[in-house]
Amino acid sequence: MLSFRASPIRLVSVCSLTLILAGCQATGTGGLTTSEAPAKISAPAASAIAGDLVSRFAEQIGPGTTTVSLKQDSSAFGLAFEAALRGWGYAVVTDEKTDASKPAVPLAYAVASFEDRVLVRLSTAKIELGRAYTVTTAGAQPASALSVMQRG
């Protein structure tokens, strides 16, 4: 049996922040959250988080046979996320124009710091992934289980 020991106050705080992040969205095209990440995440941490989330994304939608539409972002996380998508074989378009014969899947992310964790959410019209990470000088490690929400 899996045992989880956390103070009730900390657990409530993390759950509350997760709900706030889910509810307070700045919507972009297609009703997805506008991609944003704080500039203070280091390149090694951004790369570790992006690599983990893209691998989980690939588990959910399949290997890189899809074209992904991503809002261009010059933050360390934005650059690492785009590189991780390309590394997994996804074609990435960062402008709004796409080939009509090969539609792109709009993809957005949100990164927020909370206490000593970084909370990251990845959204498409059909799936949403979320996870908390502990950031270290050498990178980042998952600090929670992966949250997966599938839509119709």
Side-chain angles (χ1 to χ4, degrees), residues 1-7 10-94 104-151:
M1 180 173 181
L2 182 62
S3 176
F4 180 73
R5 294 180 190 234
S7 73
R10 185 176 188 92
L11 185 58
V12 168
S13 297
V14 170
C15 290
S16 297
L17 183 64
T18 302
L19 289 174
I20 289 169
L21 283 174
C24 295
Q25 298 181 30
T27 57
T29 60
L32 293 179
T33 305
T34 302
S35 297
E36 59 183 65
K40 62 184 174 181
I41 295 177
S42 70
S47 182
I49 294 169
D52 178 57
L53 275 182
V54 171
S55 71
R56 303 304 178 175
F57 178 70
E59 289 174 356
Q60 297 298 317
I61 71 161
T65 58
T66 304
T67 299
V68 175
S69 174
L70 186 65
K71 180 183 176 244
Q72 198 160 19
D73 181 8
S74 61
S75 69
F77 183 80
L79 297 172
F81 189 67
E82 184 177 342
L85 285 166
R86 291 183 192 279
W88 274 83
Y90 294 97
V92 178
V93 293
T94 55
V105 174
L107 180 62
Y109 56 83
V111 180
S113 297
F114 179 70
E115 292 182 355
D116 59 342
R117 304 274 194 262
V118 173
L119 305 174
V120 184
R121 185 180 73 222
L122 175 65
S123 304
T124 71
K126 296 190 179 217
I127 193 163
E128 194 161 315
L129 305 176
R131 186 174 247 182
Y133 293 88
T134 301
V135 176
T136 65
T137 56
Q141 294 292 324
S144 72
L146 181 70
S147 171
V148 178
M149 182 178 76
Q150 296 182 345
R151 298 181 185 100

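Ring geometry for F57 versus Y90: interplanar angle of 30 to 60°, hence tilted.
When all heavy atoms of V54 and F81 are compared, the pair lying nearest together is CG2-CE1, 3.6 Å. In this structure, L70 and L107 approach most closely via the heavy-atom pair CD1-O, 3.5 Å. Nearest heavy-atom pair, T124 versus R151, reported as atom, atom and distance to 0.1 Å: O-NH1, 2.6 Å.
From I61, atom CD1 reaches atom CD1 of I127 across 8.0 Å, with rounding to the nearest 0.5 Å.
Panel note: side chain R56, backbone S147; no donor-acceptor pair is recorded below 3.5 Å. Judged by distance alone, with hydrogens and angles left aside, the side-chain atoms of R131 form a donor-acceptor pair with the main-chain N or O of S144 at under 3.5 Å.
A 4.5 Å side-chain heavy-atom check between Y133 and L53 finds at least one atom pair inside the cut-off. Using a 4.5 Å cut-off on side-chain heavy atoms (C-beta onward), Q60 and K126 make no contact. Side-chain contact between T134 and R117 is present, with heavy atoms from C-beta onward closer than 4.5 Å.
Dense packing is recorded around CD of E59, with more than 12 heavy atoms of other residues, nucleotides or ligands lying under 6.0 Å away.
Evaluated for a side chain to side chain contact (heavy atoms under 4.5 Å, CB included) with V120, the options L129, D52, V111, I41 yield exactly one hit, V111.
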